[in-house]
Amino acid sequence: MNLVQEQLNEVRQKIVQACERAGRNPSEVKLIAVSKTKPVSMIEEAIACGQTVFGENKVQELCDKIPQLPANLEWHLIGHLQRNKVKYIVDKVALIHSVDTVRLAKQISQEAIKAGVTVQILLEVNVAREESKFGFMEEEVEEAVREIAAFPNIQIVGLMTIAPFVADPEENRIYFKKLHQLCVDINKKNIDNIRMSELSMGMTGDYEVAIEEGATMVRVGTGIFGTR
Ligand SMILES: *Cc1c(COP(=O)(O)O)cnc(C)c1O
């Protein structure tokens with residue numbers, strides 16, 4: 001086994017252990033291997049270890065990598081998306097994690113219609129209210145969900161957050177709890193066509209805490225592929 005494979009297996013073990021602590025089934029947690037800035041050769045090493053789900057944060061890099069790799073992979077767009085780039089990825093990704101405005105959702109809907117697909121999305125929420133981050137404020141999410149729910153060919157399946165960069169992951173537990181609660185609260189409103197079940201939260205520094213708080217998707221880059 002090479003380093004990528006060792007690290008990938010270590011992350012998998014930690015996911016299982018976090019699930020055990022939380023009384024959850026590991027099959028409820030999808031590991032997204034974040035391969036941004038890393039070469040195709042390293043992605044191939046992860047594939048050889050059974051990894052099929054990858055995350056990228058840039059449209060150009062995603063579009064460059066996809067044709068170089070097997071067609072059976074699942075690609076997730078996790079980074080900020082500009083409206084003029086939606087057309088390049090709408091039929092290539094399994095999930096867009098980073099929908100941060102209603103205008104972007106509308107663009108995705110329009111491009112999805114043209115491409116004849118339905119696109120699954122998450123709404124990015126700036127739970128920690130950091131100036132530097134994209135995403136809806138908590139109090140804006142319900143209204144956004146109501147507006148986006150009316151758009152054709154787009155489906156909101158859950159929420160995503162990027163927690164602050166902290167030394168102690170316990171500091172982020174409160175934000176993961178908040179995202180989980182927001183998801184529960186919005187589901188209770190019984191908005192037409194809306195049943196959110198996915199929580200994309202947790203990165204290399206804090207994915208175990210995120211799993212304890214209900215993450216269904218963790219986005220791990222450095223922990224698998226090394227520093228960027
Ligand atoms: C880069 C990135 C990650 C992975 O970060 P690591 O700390 O390397 O695990 C997760 N989510 C998003 C949105 C990212 O841009």
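Here the structure is a predicted model, which means the values were calculated and not measured. Whatever order the structure lists them in is the order used to number ligands and atoms, beginning at 1.
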For residues 92-99, dump all side-chain donor-acceptor pairs below 3.5 Å to protein atoms at least two apart in sequence or in another chain.
unit_1	atom_1	unit_2	atom_2	d
K92	NZ	Y88	O	3.0
H97	ND1	S200	OG	2.9
H97	NE2	H76	ND1	2.8
S98	OG	G79	O	2.5

Exercise for the section: Please work out whether the ring planes of H80 and F134 are parallel, tilted or perpendicular, with thresholds of 30° and 60°. Expected result: parallel
Tell me which donor-acceptor pairs under 3.5 Å the side chains of residues 35-48 have, and how far apart each pair is, sequence neighbours excluded?
unit_1	atom_1	unit_2	atom_2	d
S35	OG	E56	OE2	2.7
K38	NZ	T227	O	2.7
E45	OE1	N2	ND2	3.4

Practice task
Only one of L73, I224, I32, L8 passes side-chain contact (heavy atoms from CB on, under 4.5 Å) with Q51; say which it is.
Solution key: L8
Handout entry: Residue pairs involving residues 161-172 (criterion side-chain hydrogen bond (donor to acceptor under 3.5 Å, both in side chains); sequence neighbours excluded)
Key = E170-R173, N172-D206
Between ligand 1 and the protein, tabulate every N or O atom pair separated by less than 3.5 Å, reporting distance only.
unit_1	atom_1	unit_2	atom_2	d
ligand 1	8 (O)	T222	N	2.8
ligand 1	8 (O)	T222	OG1	2.5
ligand 1	8 (O)	R228	NH1	2.8
ligand 1	8 (O)	R228	NH2	3.0
ligand 1	9 (O)	T204	N	3.0
ligand 1	9 (O)	T204	OG1	2.4
ligand 1	9 (O)	G221	N	2.8
ligand 1	11 (N)	R219	NE	2.8
ligand 1	15 (O)	K36	NZ	2.7

Exercise for the section: Spell out, yes or no, whether I78 and L31 are grouped together once hydrophobic residues are joined by side-chain heavy atoms under 4.5 Å, including indirect joins. Expected result: no
